[in-house]
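Shown next, in C-alpha cells, is the structure this report addresses.
Everything quoted here is computed from the prediction, not taken from an experiment. Every chain is numbered from 1, with letters handed out A, B, ... down the list of sequences.
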There are 2 protein chains.
Amino acid sequence: MASTPKTVPDIVIGRLPLYLRALTYLAAEGREITSSQELGDRLGISSAQIRKDLSHFGEFGKQGTGYEIQFLRQQLRRILHLDREWEVALVGAGDLGLALVHYGGFADKGFQIVVVFDRATQKIGKRLGELEIFDAEAMPTIIKDKRIEMAIIAVPAAEAQAVADVLVESGVRAILNYAPITLSVPPNVQVQYIDPIVYLQHMTYYLA
Amino acid sequence: MASTPKTVPDIVIGRLPLYLRALTYLAAEGREITSSQELGDRLGISSAQIRKDLSHFGEFGKQGTGYEIQFLRQQLRRILHLDREWEVALVGAGDLGLALVHYGGFADKGFQIVVVFDRATQKIGKRLGELEIFDAEAMPTIIKDKRIEMAIIAVPAAEAQAVADVLVESGVRAILNYAPITLSVPPNVQVQYIDPIVYLQHMTYYLA
DNA sequence: TAGATTGTTAATCGATTAACAATC
DNA sequence: TAGATTGTTAATCGATTAACAATC
C-alpha cells in the first residue's frame, strides 16, 4: 500500500516568498546569520510557525545558532523553483501594464516579462517600455512558440475570462490576474488575484 | 460577568468584498435573486461557507428562495462601511501611482483618491492625471487637514516604512502597501499588502 | 560548561464541511 | 403540496502554538 505523498499546505507555500524576501533584505544589510525569532519579528509571524513551515522541507538551521542566510535563501529558491528564470507574458498594455514592465523588481526575483499583448489596433506595433506590443490574436502562436508558462492579465474585467481561456489553451499554467473577477480555469492551472478594491474594502470594515 | 463580544474572524471579513463583487456583477446582468450555491460556484467557495460567513451578521436570505441581490448588496456595503465615500491619499507619483489614479474602479466602489504626494522636486506641482502632486513634506498638514484615514503606498521599498510612519502620525488608520516590505505599524492600524512577486513565486512552486 | 536556538511533538485553537430541521 | 434553500449545529479537518529534548 503506497503511502500518499503528504503535500505541503498551500498556506505554507504562500509564506515562503515572504521568508525569502526577508532573507534577501537581511543579506543586503550584510547579515550572515538569522533566527526564526528575528525573521518572525520582521514579518509579524511567530517563530514557531516559521520553524514548522521550514520543517516540511528539511532541516536548514543549526541548534543554538540559527540559519545561515545565504544557505536558507538558496534552499527556498530551490523549493520555489526560482533557481531558473521564468518568462512571463503580459496581456494588456494600459497604464497598469506599463507600470509592470517598468517595475524593476521582476528581473532579479526570477521573472522576465518577455512579450506584451493588446487587442487595440492603435497600440499594436507600438512599444510598451522596451517591448513591442503584439496583437492579442497572436497570443496562441507566440506563447506556444516561446513555451511561456506564466502570464499576467491586466485587461478590463469583461475581457479577462476570454483572455484566460486563450492563455490556458496556449499552455500557460500560472496566471496573475489583476482584473477584478474570479477566473474559471482547469484545476491544474494556478491563479492568483490582485484587486486593490478588495483589500481596501477589507480594511474599511475595521474603520469606525 | 460581561460576555466578550465575539469578533468575526478576519478571514471571513476578507471574503465579504468578494461576495459583494460577485453580487454587483449579478446585478449588472439584470439578476434579482441568487443563492449561496450560485455565488459559491462563481467564486470557487462552498455554499456552506458563504451561508456560515453571512450568518455572523444576521439573516439575509429566504428559505427555498435564496438572496435578494440588491438587498444583500446593501447589507454587505453597510457591514463593510461602504455606505459612505472614503477619501484616500496616494503616496508615490510613479508609473504605479499613475495607473492607480487612472483606474476607474475606485470611484464607484466607495473610494476616491483625493491627493497625491511625491518627494521628487521635479514632480511637485505637476499633475498625475487630474491631481496635483504635492510635496511629501506636506503630508502631515494636508492629511490631518482633510482628515484622511486611508492611504496607498506606491514608493520604493526603502522609503515605505518612513512613509508609513508619517501616515500613521498624521491619522491614517488603513494602508494599502504596494512596496515589497512588511511594515511596522501600531496594532490599531490596518495594513494590506500587494506584491506581485510574492504571488508569482507562490505559483512557481506548483510548476514542475 | 552555559546559553541559545532548532526541529518536533502534542495540545490547542480555529475554520470548514456535512447534514438537516425549518420554512418559504 | 412538493421542491428548494436557508441558517445552524455538530463533526471533521487543518493550522497554530506551546513546550522541550536535542544539540550546537
Item checked: Whole-Å gap separating C1' (D:dG14) and NE2 (A:His56) -> 11 Å

Check: B:Ile11 has an atom CD1; how far is it from atom P of D:dG14, in whole Å?
Finding: 14 Å

Check: Are B:Tyr19 and B:Asp53 linked by a side-chain donor-acceptor pair shorter than 3.5 Å?
Finding: yes

Margin query: Check this for me, if you would: do A:Arg147 and A:Glu87 make a salt bridge, where the nitrogen-to-carboxylate-oxygen distance has to be below 4.0 angstrom?
Written below: no

Notebook entry, point to check: Looking only at side chains, do B:Asp10 and A:Tyr206 share a donor and an acceptor under 3.5 Å apart?
Noted result: yes

Item checked: Secondary structure string for DNA chain D (Watson-Crick or G-U under 3.5 angstrom, | for other-strand pairs) -> ..||||||||||||||||||||||

Check: Does a side-chain N-to-carboxylate-O contact under 4.0 Å join A:Arg119 and A:Glu137?
Finding: no

Note to self: What is the separation between atom CD on A:Glu68 and atom C1' on C:dA4, rounded to the nearest whole Å?
What the structure shows: 18 Å

Next item on the list: Consider only side-chain N and O atoms of B:Ser55 and B:Arg51, and report whether a donor and an acceptor are under 3.5 Å apart.
Entry: no

Notebook entry, point to check: Which nucleotides of nucleotides 5-10 of chain D have their base under 4.0 Å from a protein heavy atom (B), which only their sugar-phosphate (S), and which neither (-), written as one string 5' to 3'?
Noted result: BBBBB-

Checklist line | B:Glu68 with B:Lys62: basic N within carboxylate O range, under 4.0 Å | finding: no

Check: Less than 4.0 Å between a side-chain N and a carboxylate O, is that true for A:Arg42 and A:Glu29?
Finding: yes

Next item on the list: Report yes if a side-chain nitrogen or oxygen of B:Arg15 is closer than 4.0 Å to either non-bridging phosphate oxygen (OP1 or OP2) of C:dA15; otherwise report no.
Entry: no

Note to self: C:dT17, OP1 or OP2 - any side-chain N/O from B:Ser46 closer than 4.0 Å?
What the structure shows: yes

Check: How about B:Lys144: does its NZ atom have over 12 heavy atoms from other parts shown lying under 6.0 Å from it?
Finding: yes

Check: What integer distance in Å separates A:Ile45:CD1 from D:dT16:P?
Finding: 9 Å

Check: Rounding to a whole Å, what distance do you find between A:Ile33:CD1 and C:dA4:P?
Finding: 16 Å

